[in-house]
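First up is the structure itself, then whatever we jot down about it.
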Amino acid sequence: MLIIGEKLNGAIKSVAEAIKNRDGEFIRALASKQLDQRADYLDICSGTPNGDADILKWMIELIQKDHPDVRFSLDSPNPDTILECIPLCKNPGVINSVSLEGSKIEKIFPVIKDNKGWKVIALLLDETGMPETVEKRMQNFYGIMAKVKEYGIDEDRIYFDPLVFTVGTSPDSFLNFIGASKKIKEEYPNAHIVSGLSNISYGLPYRKAVNHAFLIGAMMFGMDSAIMDPLNRDLLGGVYAAEALLGEDEYCIEYLSAYRDDLFGVQK
Ligand code: THG
């Protein structure tokens with residue numbers, strides 16, 4: 001399971017404040033904490049529609065000083081921002097994200113094609129907006145896959161995000177998500193599935209319970225990456241436990257090591 005730490009996001013109030021004040025200490029601490037909790041990638045998102053390239057560049061340079069091995073998930077709606085940030089990253093990361101909307105694929109895929117270490121998150125989205133059904137998600141999947149083949153990119157470098165609505169108003173949200181996941185994995189066993197997951201609980205109280213149920217359920221149907229809060233120790237424990245149940249952690253070596261390192265915060 002690939003864990004993408006979500007905390008460096010300007011949509012979070014305290015992070016927006018730190019970005020505004022260029023509070024490097026705050027950002028560095030949030031990066032270190034997530035890496036300590038074994039985040040594989042750090043998602044960085046400015047949360048501002050304009051000028052986000054400068055903010056992302058600032059974060060990249062700041063965090064790389066402390067952690068030269070860090071890998072970033074470049075989270076920007078603006079493909080030009082992503083293209084500006086790629087050369088600054090010492091290690092290959094994740095592009096978050098492309099979709100069939102606008103010119104993102106045409107701008108990103110040619111650069112990624114020969115930049116082999118980079119992975120790409122592809123939202124199953126087109127210019128008509130959020131997909132309501134499994135069929136619409138699959139239509140978008142085939143559209144993106146056609147581009148993946150056209151550019152000669154290996155399908156195992158793409159993390160497909162089937163997208164979720166809140167279950168508060170869309171009772172089929174999770175079912176549609178796993179419906180698409182199952183079909184994708186049947187047709188392309190090497191393709192990956194990712195989710196930002198917390199949309200599933202939007203507007204509900206005690207969101208953690210819903211997010212947790214979603215994470216475990218989705219993992220059972222092939223989701224192998226999540227943009228999530230690794231500082232949420234119950235959620236992180238769930239990831240390690242579910243991996244063991246899925247036979248992906250022989251003798252629970254990873255689970256036990258995470259426990260021993262007190263990632264779950266329960267060591268006696
Ligand atoms: N798909 C893709 N990218 C995405 C999303 C997605 N990027 C943005 C978003 N959705 C995922 N990122 C966040 C970041 C922060 C929060 C939610 C989603 C958030 N965090 C709470 C906080 O830190 O205050 C804590 C949440 C918790 O305790 O679990 O709200 O869907 N491709």
Side-chain angles (χ1 to χ4, degrees), residues 2-19 26-27 29-31 33-34 37 39-49 52 55-56 59 72-79 81-82 93-101 104-105 108 119-125 129-131 137 140-141 144 158-167 170 173-174 176-177 180-181 191-216 218 223-239 264-265:
L2 213 84
I3 296 173
I4 305 174
E6 74 179 13
K7 300 295 271 189
L8 290 168
N9 192 317
I12 301 172
K13 229 175 141 196
S14 56
V15 178
E17 194 67 14
I19 290 172
F26 184 95
I27 299 294
L30 213 41
K33 278 194 250 175
Q34 293 186 91
Q37 290 290 106
D40 298 293
Y41 292 84
L42 298 182
D43 193 73
I44 49 171
C45 177
S46 73
T48 54
D52 66 343
I55 295 168
L56 296 195
M59 288 205 248
F72 292 105
S73 159
L74 304 176
D75 194 346
S76 170
N78 183 348
T81 293
I82 290 175
V94 178
I95 308 293
N96 187 11
S97 52
V98 303
S99 72
L100 293 172
E101 216 180 13
K104 288 183 111 183
I105 285 186
I108 301 285
K119 301 175 193 296
V120 181
I121 293 178
L123 310 178
L124 298 187
L125 188 76
M130 283 286 280
R137 284 175 170 83
N140 293 342
F141 171 78
I144 292 167
I158 314 291
Y159 282 71
F160 292 96
D161 183 341
L163 299 166
V164 278
F165 295 96
T166 172
V167 70
S170 301
S173 186
F174 172 74
N176 285 337
F177 183 94
S181 300
H192 299 284
I193 309 290
V194 65
S195 175
L197 69 106
S198 61
N199 271 357
I200 194 70
S201 61
Y202 188 76
L204 291 171
Y206 199 47
R207 295 183 64 175
K208 282 181 184 190
V210 183
N211 293 351
H212 199 142
F214 176 88
L215 177 89
I216 307 300
M223 186 176 81
D224 58 0
S225 177
I227 306 162
M228 56 173 268
D229 181 3
L231 309 186
N232 177 339
R233 295 174 142 170
D234 293 334
L235 199 62
L236 193 68
V239 168
F264 311 145

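Note that ligands are numbered from 1 as they come in the structure, with each ligand's atoms numbered from 1 the same way. Note that this is a predicted model, so its numbers are computed, not measured.
- You'll find the side chain of Tyr41 reaches within 4.5 Å of the side chain of Leu2, heavy atoms only.
- Side-chain contact between Ser201 and Val167 is absent, with no heavy-atom pair separated by less than 4.5 Å.
- Below 3.5 Å of separation, one finds no N or O of Ser195 facing any N or O of ligand 1.
- Using modelled atom types, one finds a donor on one side chain and an acceptor on the other under 3.5 Å when comparing Asp43 with Asn96.
- Among all non-hydrogen protein atoms, the one lying nearest atom 1 (N) of ligand 1 is Asp161 OD2, 2.7 Å.
- In this structure a side-chain-to-backbone donor-acceptor pair under 3.5 Å is missing from Asn199 to Phe165.
- Against a heavy-atom cut-off of under 4.0 Å, Ser198 is close to the following atoms of ligand 1: 17 (C), 18 (C).
- Neither the backbone nor the side chain of Ser97 has a heavy atom within less than 4.0 Å of ligand 1.
- Of the possible donor and acceptor atoms, one in the side chain of Arg137 sits under 3.5 Å from a partner among the backbone N and O of Pro162.
- Regarding atom 24 (O) of ligand 1, its nearest protein heavy-atom neighbour is Ile12 CG2, 4.0 Å.
- Of the possible polar contacts, none joining the Gln34 side chain to the Pro230 backbone as a donor-acceptor pair under 3.5 Å is found.
- Of the protein's non-hydrogen atoms, the one nearest atom 6 (C) of ligand 1 is Gly196 CA, 3.5 Å.
- Considering backbone and side-chain atoms together, Asp43 places no N or O closer than 3.5 Å to any N or O of ligand 1.
- The CD atom of Gln37 lies 9.0 Å from the CG atom of Asp229; values are rounded to the nearest 0.5 Å.
- By the 30° and 60° cut-offs, the orientation of the rings of His192 relative to Tyr159 is parallel.
- Between Leu56 and Ser76 the shortest side-chain heavy-atom distance falls below 4.5 Å.
- For atom 30 (O) of ligand 1, the closest non-hydrogen atom of the protein is Glu6 OE2, 4.6 Å.
- If you check which protein heavy atom lies closest to atom 28 (O) of ligand 1, you get Asp229 OD2, 3.5 Å.
- Contacts of Lys7 with ligand 1, taken as heavy-atom pairs under 4.0 Å, involve the side chain alone.
- For the pair Lys7 and Leu231, the minimum side-chain heavy-atom distance is below 4.5 Å.
- Residue contacts with ligand 1: Leu123 is included, with a non-hydrogen atom under 4.0 Å away.
- Taking every non-hydrogen atom of Lys208 and a distance limit under 4.0 Å, the qualifying atoms of ligand 1 come out as 28 (O).
- Close contacts between ligand 1 and Ile121 involve ligand atoms 32 (N) [criterion: under 4.0 Å to a heavy atom].
- The protein heavy atom nearest to atom 32 (N) of ligand 1 is Asn96 OD1, 2.9 Å.
- In terms of protein heavy-atom proximity, atom 9 (C) of ligand 1 is closest to Asn9 ND2, 4.6 Å.
- Rounding to the nearest 0.5 Å places CG of Asn232 at 8.0 Å from NE2 of His212.
- The distance from ligand 1 to the heavy atoms of Ile227 drops below 4.0 Å at these ligand atoms: 1 (N), 2 (C), 3 (N), 4 (C), 11 (C), 32 (N).
- Evaluated by nearest non-hydrogen atom to atom 8 (C) of ligand 1, the leading choice among Asp75, Ile4, Asn199, Leu30 is Asp75.
- Residue contact check: Asn232 has heavy atoms under 4.0 Å from atoms 29 (O) of ligand 1.
- We find the CD1-OG distance between Ile200 and Ser170 to be 8.5 Å, quoted to the nearest 0.5 Å.
- With a 4.0 Å cut-off on non-hydrogen atoms, Arg207 does not touch ligand 1 at all.
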